[in-house]
J.: 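First the structure, then my questions, so here it is.
Chain naming here is simple, since letters A, B, ... match the order of the sequence lines and numbering starts at 1 in each. All values below were derived from every heavy atom in this structure, side-chain atoms included, with hydrogens, water molecules and symmetry-related copies excluded.
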Amino acid sequence: RGGAPSNIFIYGTTGTGKTAVTKQVLSKLKERAESRDLAFKYSYMNCQHVDTKYRVLTQLCEDIGIDVPFTGLHFDVIYQKFKEALDDLDTLHVTVLDEVDMLYKKSSESLYVLTRMNSDLESSKISIIGITNDVNFKETLDPRIRSSLSEEEIVFSPYTAEQLNDILTQRSDVAFHKGILEFGVINLCSAVGAQQHGDARRSLDLLRVAAELAERNGDEKVTEIHVRKAQQVIERNTVIEVLTSLPIQTKAVLQAIFMGEGKTEAITTGDVYEIYSKICKLVRLDILTTRRVGDLINELDMLGIITAQVISKGRGGRSKRIHLTVPHRQVREVLESDFRLSKIFEVDSI
DNA sequence: TATCCACAGGAACGTAGGGACG
DNA sequence: CGTCCCTACGTTCCTGTGGATA
């Protein structure tokens with residue numbers, strides 16, 4: 001209608017279709033706008049990667065067709081550039097910020113800048129759609145941002161097993177020949193997805209991988225066994241992928257945890273650091289400070305590779321109890337394939 | 001019950017690597 | 001060129017703290 005657009009806030013756990021629906025709606029809107037000759041643009045960004053105000057603006061510029069370097073310019077310069085370009089386009093621009101909580105955590109300023117951009121714009125308007133799976137996010141938000149960001153709210157509830165079942169049935173009718181899927185396969189996939197907070201993506205991936213396994217095996221039907229197998233394959237692949245792409249220092253810390261776990265039950269930050277230092281000496285790696293290693297341990301925790309729980313041992317001090325949460329075999333496999341660290345495994349004692 | 005250990009984790013800063021611009 | 005600004009990764013210095021023990 002050409003009126004002032006509201007900012008929208010969308011909640012919902014992973015795999016409930018927030019992103020898919022948002023994208024779908026926006027592209028429909030775009031179609032409509034085009035057919036009526038209305039100016040409409042949108043850009044989508046995932047704040048896991050786009051997590052500074054600078055990057056947000058860079059991304060926005062790219063989306064409306066301005067070339068900017070990914071680094072080098074003063075923020076204000078980019079801001080001006082974008083503002084002018086957008087005003088020239090005389091359009092309505094919708095900015096989708098997926099996983100806004102990440103952006104806010106790392107740079108609360110960016111959201112503020114975005115919300116107040118409208119007052120700087122003359123002929124164009126900008127509207128923000130924030131997507132998050134953190135239900136408490138709104139409470140942690142700065143009041144000034146909160147009021148303008150959450151003018152309207154939409155909640156996506158998790159899919160139930162039945163809904164997942166419908167989705168899978170519908171998809172599989174298109175993707176597979178009749179009778180390929182053994183009875184119960186879809187049920188199992190949707191049940192697993194429902195357990196994962198109603199995650200449709202998980203269910204679909206599971207079904208796809210199970211089918212691939214069956215095909216590779218030359219089996220005629222996809223059975224529940226394939227699904228179980230697929231579960232393991234997916235799990236394993238994601239773990240290995242994450243581990244392999246870790247920076248060398250983080251890997252060294254992981255290795256220290258790995259070796260420490262073999263010896264004692266509860267391994268602490270201090271233990272890890274001790275082993276880590278020895279490893280570094282052996283492979284001629286710079287030894288980082290405890291402070292930094294503490295952060296690396298936290299990073300591993302965030303990635304879900306380990307759990308690090310703060311505990312107090314009274315006069316024994318406060319520390320973190322650290323545990324690996326991924327299979328040891330996979331950790332070893334990845335570490336052994338890293339040429340810089342592999343030789344540690346040839347040494348008997350650390 | 002006050003103490004005190006072994007860290008947790010915040011703040012500020014340094015260095016290296018990169019690109020824009022005059 | 002030098003200057004200005006960005007990011008990534010690390011360091012230094014620091015204050016804070018849960019709870020078993022003296």
Side-chain angles (χ1 to χ4, degrees), chain A residues 45-85 97 99 101-114 140 142 242-257 260-261 263-281 283-323 338 340-341:
Chain A
M45 59 193 83
N46 187 314
C47 299
Q48 246 177 358
H49 310 110
V50 188
D51 55 4
T52 64
K53 60 176 181 176
Y54 190 85
R55 285 195 190 157
V56 171
L57 259 290
T58 318
Q59 182 72 45
L60 282 173
C61 284
E62 256 169 45
D63 287 347
I64 62 169
I66 321 169
D67 265 341
V68 280
F70 77 99
T71 173
L73 286 183
H74 189 315
F75 173 76
D76 293 342
V77 176
I78 296 212
Y79 182 82
Q80 282 304 325
K81 254 191 175 178
F82 176 70
K83 208 189 75 185
E84 280 161 22
L97 300 171
E99 314 201 33
D101 43 325
M102 302 297 281
L103 178 61
Y104 186 70
K105 215 187 290 166
K106 290 185 188 155
S107 147
S108 54
E109 208 192 333
S110 351
L111 282 181
Y112 185 66
V113 168
L114 282 174
T140 63
D142 184 314
V242 170
L243 293 186
T244 311
S245 60
L246 250 29
I248 182 68
Q249 287 287 358
T250 317
K251 273 189 189 171
V253 172
L254 179 64
Q255 178 146 32
I257 296 168
E261 272 225 324
K263 286 183 189 151
T264 40
E265 277 302 302
I267 177 166
T268 66
T269 308
D271 303 334
V272 171
Y273 190 72
E274 210 173 295
I275 304 172
Y276 160 82
S277 310
K278 287 179 186 166
I279 291 175
C280 287
K281 230 177 267 172
V283 301
R284 301 184 195 290
L285 208 60
D286 290 342
I287 302 178
L288 304 181
T289 52
T290 49
R291 181 69 185 81
R292 182 68 185 135
V293 170
D295 277 346
L296 294 182
I297 289 174
N298 284 339
E299 275 170 36
L300 287 171
D301 190 10
M302 291 243 292
L303 287 168
I305 299 166
I306 62 170
T307 56
Q309 203 189 358
V310 184
I311 49 153
S312 176
K313 291 181 290 184
R315 286 228 151 165
R318 259 171 118 241
S319 184
K320 274 183 166 172
R321 192 196 292 129
I322 297 164
H323 278 299
D338 189 305
R340 290 160 295 190
L341 294 172

J.: Round to the nearest Å and state the distance from His74(A) atom NE2 to dG22(B) atom P.
T.: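 My rounded result for the distance is 15 Å.
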J.: Is the shortest heavy-atom distance from the side chain of Val113(A) to the side chain of Val56(A) under 4.5 Å?
T.: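 Counting from C-beta outward, Val113(A) and Val56(A) never come under 4.5 Å.
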J.: For the pair made of OH in Tyr273(A) and C1' in dA8(B), what is the distance, rounded to whole Å?
T.: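 Result: 16 Å.
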J.: Using whole Å, report how far CG of Asp76(A) lies from C1' of dC4(C).
T.: 13 Å
J.: What pair of heavy atoms forms the shortest contact from Gln255(A) to Leu341(A), and how long is it?
T.: OE1-CB, 3.3 Å
J.: Output the rounded distance in Å from CZ (Arg321(A)) to C1' (dG18(C)).
T.: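 So the two atoms are 13 Å apart, to the nearest Å.
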J.: Under 4.0 Å, counting only non-hydrogen atoms across every strand here, what does Thr52(A) touch: a base, just sugar-phosphate, or nothing?
T.: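 The residue Thr52(A) makes sugar-phosphate contact but no base contact.
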J.: Check the distance between dG10(C)'s C1' and Leu285(A)'s CG and give it to me in whole angstrom.
T.: 13 Å
J.: Hey, does Gly270(A) reach any base, or is it just sugar-phosphate, or nothing, if we go heavy atoms under 4.0 Å?
T.: sugar-phosphate
J.: Arg318(A) has a side chain; which of dT11(C), dG9(B), dG18(C) sits nearest to it?
T.: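 Looking only at heavy atoms from C-beta outward on Arg318(A), the closest nucleotide is dG18(C).
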J.: For residues Phe75(A) and Leu57(A), report the shortest heavy-atom separation together with the two atoms involved.
T.: CE1-CG, 3.9 Å
J.: Does Lys320(A) place a side-chain N or O at less than 4.0 Å from the phosphate oxygens OP1/OP2 of dG9(B)?
T.: yes
J.: Which pair of heavy atoms, one from Ser319(A) and one from Gly270(A), lies closest together, and at what distance?
T.: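 Closest pair (atom of Ser319(A), atom of Gly270(A), distance): OG-N, 4.5 Å.
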J.: Starting at atom CG of Leu288(A), determine the distance to atom C1' of dT15(B), rounded to an integer number of angstrom.
T.: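 It works out to 14 Å between those atoms.
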J.: If you find the nucleotide of DNA chain C closest to Ser312(A) and the one closest to Leu296(A), which residue's nucleotide is nearer the 5' end?
T.: Leu296(A)
J.: Under 4.0 Å: is that the gap between some side-chain N or O of Thr289(A) and OP1 or OP2 of dT11(C)?
T.: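 Checking dT11(C) against Thr289(A), a side-chain N or O does come within under 4.0 Å of OP1 or OP2.
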J.: Side chain of Phe75(A) only, heavy atoms from C-beta on: which candidate in dA8(B), dC6(C), dT12(C) is closest?
T.: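 Given the options dA8(B), dC6(C), dT12(C), the side chain of Phe75(A) is closest to dC6(C).
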J.: Looking only at side-chain atoms of Thr269(A), point me to the closest of dC7(B), dT11(C), dA8(C).
T.: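 Closest nucleotide to the Thr269(A) side chain: dC7(B).
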J.: To the nearest Å, give me how far apart CD1 (Ile78(A)) and C1' (dT7(C)) are.
T.: 13 Å
J.: Measure from CD1 on Ile322(A) to C1' on dA6(B) and round the result to the nearest Å.
T.: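 Computing the Ile322(A):CD1 to dA6(B):C1' distance gives 13 Å.
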J.: Are OP1 or OP2 of dC5(B) and a side-chain N or O of Arg315(A) less than 4.0 angstrom apart?
T.: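 The answer is no; no side-chain N or O of Arg315(A) sits under 4.0 Å from OP1 or OP2.
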J.: Which one, dT11(C), dC21(B), dT7(C), comes nearest to the side chain of Tyr54(A)?
T.: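 Among the listed nucleotides, the one closest to the side chain of Tyr54(A) is dT7(C).
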J.: Give the nucleotide from the list dA11(B), dC21(B), dG10(C) with an atom nearest to the side chain of Lys81(A).
T.: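 For the Lys81(A) side chain, the nearest candidate turns out to be dC21(B).
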J.: For Lys320(A), run the side chain to side chain donor-acceptor pair (under 3.5 Å) check against Asn298(A), Asp301(A), Thr268(A) and tell me which one passes.
T.: Asn298(A)
J.: With sugar-phosphate meaning primed atoms plus P, OP1 and OP2, does Asn298(A) contact a base, only sugar-phosphate, or nothing at under 4.0 Å between heavy atoms?
T.: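 Result for Asn298(A) = sugar-phosphate.
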J.: Apply the side chain to side chain contact (heavy atoms under 4.5 Å, CB included) test between Val253(A) and each candidate in Ile306(A), Val293(A), Ile322(A); give the one that qualifies.
T.: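 Answer to the side chain to side chain contact (heavy atoms under 4.5 Å, CB included) test with Val253(A) among Ile306(A), Val293(A), Ile322(A): Val293(A).
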J.: Checking contacts here: which listed nucleotide (dT17(C), dG10(C), dT7(C)) is nearest the side-chain heavy atoms of Arg55(A)?
T.: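 Output: dT7(C).
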